[in-house]
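Working notes, beginning with the structure itself.
A note on names: the letters A, B, ... follow the listed sequences, proteins ahead of strands, and every chain is numbered from 1.
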Amino acid sequence: MQFKVAAWNVNSLNVRLPQVLDWLRERQPDILALQETKLIDADFPTLDIANADYQAVFSGQKTYNGVAILSRLPASELVTDIPGLKDPQRRVLGATVGDVRVLNVYVPNGQAVSSDKYTYKLAWLDKLAAWLETELARYPRLIVLGDFNIAPEDRDVHDPVAWTGQVLCSVAERTAFRRLLDLGLQDAFRLFPHDEKVFSWWDYRGAAFRRNLGLRIDHILITPALAAVCKGCEVDKAPRQLERPSDHAPVVAEFNRTPEL
DNA sequence: ATGGTGGCGCGGCCA
């Protein structure tokens with residue numbers, strides 16, 4: 001018996017709902033964390049999700065951002081803000097599902113190095129790290145997943161030379177990402193061998209997906225207790241090949257189910 | 001090529 005957890009930036013749940021419902025039916029994840037739902041909570045398609053046999057919790061806003069957690073089991077202990085961070089942008093959702101703690105994050109994009117948004121991104125990551133420290137102390141089975149908008153290493157970039165120092169790849173962003181790992185998390189994807197040039201995001205422009213000009217910026221970070229039972233972590237490129245796709249593909253991690261304590 | 005594509009929503013922002 002295994003359980004399966006996934007993260008997918010859908011770039012508008014309104015547009016992508018049919019793809020999400022198809023994907024739930026085909027892949028049967030136990031937990032799916034969505035980013036960029038771009039929906040106010042009153043418009044969340046709770047009924048469609050329920051008809052697919054999933055529960056949904058969400059924190060959304062009009063036009064931008066928005067996160068949700070779809071799960072087989074009910075979610076409790078919801079948190080919709082990083083403690084101490086006053087932010088109208090709906091970018092985090094914490095929930096307890098079964099015997100795991102889930103933190104769904106949509107890290108700010110940062111736009112360009114030295115922009116105001118880049119400064120906001122680094123400050124946001126700083127607050128996230130402080131929050132993770134307290135969550136890690138509380139929950140030995142913690143999953144932090146979502147769109148981190150950071151390619152952690154050169155091997156996560158299709159053209160590392162061209163991207164050197166650019167937003168999503170800058171030293172300060174990579175240092176911030178490394179700091180999250182150093183708190184006691186592991187990148188599930190890197191627990192396993194993979195082909196070269198596996199990415200999770202491809203620009204809509206310039207036929208980037210067809211040419212595999214992408215970045216790996218969507219991640220599933222897990223505590224040692226979960227790493228010990230993690231059986232695999234992959235990017236599912238199939239939804240990116242559909243008509244009218246998100247610019248991101250889902251990242252999926254599978255775990256052996258351990259006896260509940 | 002200071003571009004390109006897509007979502008939101010109808011001009012311009014954001015990614």
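With P as the reference atom, B:dG12 and B:dA1 are 27 Å apart, rounded to whole Å. B:dC13 and B:dG9 have their P atoms separated by 15 Å, given to the nearest Å.
Using a 4.5 Å heavy-atom cutoff, the side chains of A:N104 and A:V92 are not in contact. Side-chain contact between A:L17 and A:D48 is present, with at least one heavy-atom pair separated by less than 4.5 Å. The side-chain heavy atoms of A:V144 and A:L142, taken from C-beta on, include a pair separated by under 4.5 Å.
Results of the side-chain contact (heavy atoms from CB on, under 4.5 Å) test with A:L226 over A:V5, A:I143, A:L185 single out A:I143 as the only residue that passes.
The neighbour count for A:K4 NZ, taken as heavy atoms of other residues, nucleotides or ligands under 6.0 Å away, is above 12. Heavy atoms of other residues, nucleotides or ligands lying less than 6.0 angstrom from CG of A:D116 number 12 at most.
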Item to check | Reading 5' to 3' through nucleotides 2-10 of chain B, protein heavy-atom contacts under 4.0 Å coded B for base, S for sugar-phosphate only, - for none | outcome: --BBSSSS-

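Residues of residues 102-113 of chain A having a heavy atom closer than 4.0 Å to DNA chain B, listed by number: A:Y106, A:N109.
Counting any heavy atom pair closer than 4.0 Å across all strands shown, A:R211 reaches no nucleic acid atom.
One interatomic measurement links the two molecules: CG of A:D116 to P of B:dC14, which rounds to 11 Å at whole-angstrom precision. Taking atom CG of A:D147 as the reference point, atom C1' of B:dA15 lies 10 Å away to the nearest angstrom.
Between A:F58 and A:F44, the angle of the ring planes stays under 30°, which puts this pair in the parallel group of the 30/60° scheme. Ring geometry, A:F255 versus A:F3: the interplanar angle falls under 30°, so the pair is classed parallel (tilted spans 30 to 60°).
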